[in-house]
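Take a look at the structure below.
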Amino acid sequence: MTASVIEADQSLPAEWRDFLALTKPRVMSLVVFTGLCGLLVAPAPIHPIIGFTAILCIALGAGAAAALNMWYEADLDALMKRTASRPLPAGRMDRQSALHFGVGLSFFSVILMGFATNWLAATVLAVSILFYVLVYTVWLKRRTPQNIVIGGAAGAFPPVIGWAAVTGDITLLPILLFTLIFLWTPPHFWALSLFVRSDYAAAGVPMLPVVSGPTVTRQQIALYTIPMAAAAIAPWPLGLAGAIYGIAASLLSAAFFLLSLQVLFNRATEPAGMKPEKRLFAYSVLYLFAVFGALVLDRWILA
Amino acid sequence: MTLKDDRILEIRRRQKSRALVMALLLGAFVLLIYGITIVRMTGK
């Protein structure tokens with residue numbers, strides 16, 4: 001065997017940091033936070049160790065789904081500046097390792113959730129992973145500009161899982177929280193995809209700004225903000241949350257709507273002129289943290 | 001030191017760091033399962 005063949009056979013094993021990067025830790029923080037809020041606002045006590053395990057399982061499930069997403073989309077990621085440095089497109093890891101890691105972590109998170117809390121929470125966790133991987137990543141993402149609308153449901157499950165882990169059931173409040181994240185996802189992602197449109201176009205991903213252009217996308221962002229705000233405020237008039245939450249959600253949603261109007265009236269087509277879009281994207285993350293934080297605060301103060 | 005030796009050293013370094021992380025995670029997992037079992041047994 002020649003030296004060159006030996007070297008070709010000995011590809012370097014991936015670093016543990018690359019496995020961590022597969023789980024998209026930054027995205028996971030929002031998932032964990034909304035899951036934690038779902039758990040904290042549930043009307044029953046939970047032992048801290050069980051609560052911690054439930055949140056850990058939500059985080060691991062989200063990480064597993066992200067790893068499987070990166071495994072499937074390695075070819076797309078290589079074409080986009082934003083994602084080209086990820087472990088698979090950068091060549092720091094082989095695809096099979098990512099697949100094994102994602103599948104293993106999926107089973108581990110679901111089974112641990114089932115044993116530690118209850119099998120309803122485990123089932124919803126399994127559904128959320130499957131939805132993200134099969135419905136969003138495999139089915140919708142490369143086929144339709146509605147990918148993020150339907151696929152957004154995958155990211156909306158954590159508060160439902162957190163709630164179900166405590167109570168063993170699913171009632172109106174977790175469904176409203178699911179609806180809020182579901183309706184928040186399109187404006188959030190479309191704001192991002194407006195200023196990274198060329199990346200998506202280069203990779204052939206049919207995001208709304210690529211297929212229908214910036215004007216239609218800006219209209220859709222403003223339109224989605226209205227039902228999103230309604231879903232955010234709804235727990236207050238329905239008696240599921242108090243005035244602290246209601247006022248906070250109203251103010252935060254009004255600010256979201258104003259920023260979406262700035263996006264609507266922006267005419268820029270190049271990223272350099274898309275400050276309103278960048279502002280809305282940054283605010284949308286803060287918005288979700290603040291609305292869920294207000295709900296927990298409201299519950300604790302009322303309690 | 002040859003290029004091949006450097007490569008083998010790098011492989012060993014990565015294997016060692018991965019093994020260390022895995023050992024720590026397994027240790028944490030054992031503690032977690034212990035905690036869950038105690039909570040479940042006491043019914044709290």
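Proteins get letters first, then strands, A, B, ... in listed order; numbering begins at 1 in each.
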Exercise for the section: Output yes when Arg7(B) and Glu10(B) qualify as a salt bridge under the 4.0 Å nitrogen-oxygen rule, no when they do not. Expected result: no
Exercise for the section: May I ask you to test the Ile55(A)-Val32(A) pair for a side-chain heavy-atom distance under 4.5 Å? Expected result: yes
Problem - Test item: side-chain donor near acceptor, Gln15(B) and Arg18(B), under 3.5 Å - result: no
Handout entry: Engaged part of Phe115(A) at the chain B interface, taking heavy atoms whose separation is under 4.5 Å
Key = backbone
Completion exercise
If one checks every heavy atom of Leu20(B) against chain A at 4.5 Å, the contacting part turns out to be neither
Fill in the blank from the handout: If one checks every heavy atom of Ile46(A) against chain B at 4.5 Å, the contacting part turns out to be neither
Completion exercise
Contacts satisfying ring pair (Phe, Tyr, Trp, His ring centres under 6.0 Å) that involve residues 64-100 of chain A (not counting sequence neighbours) are none
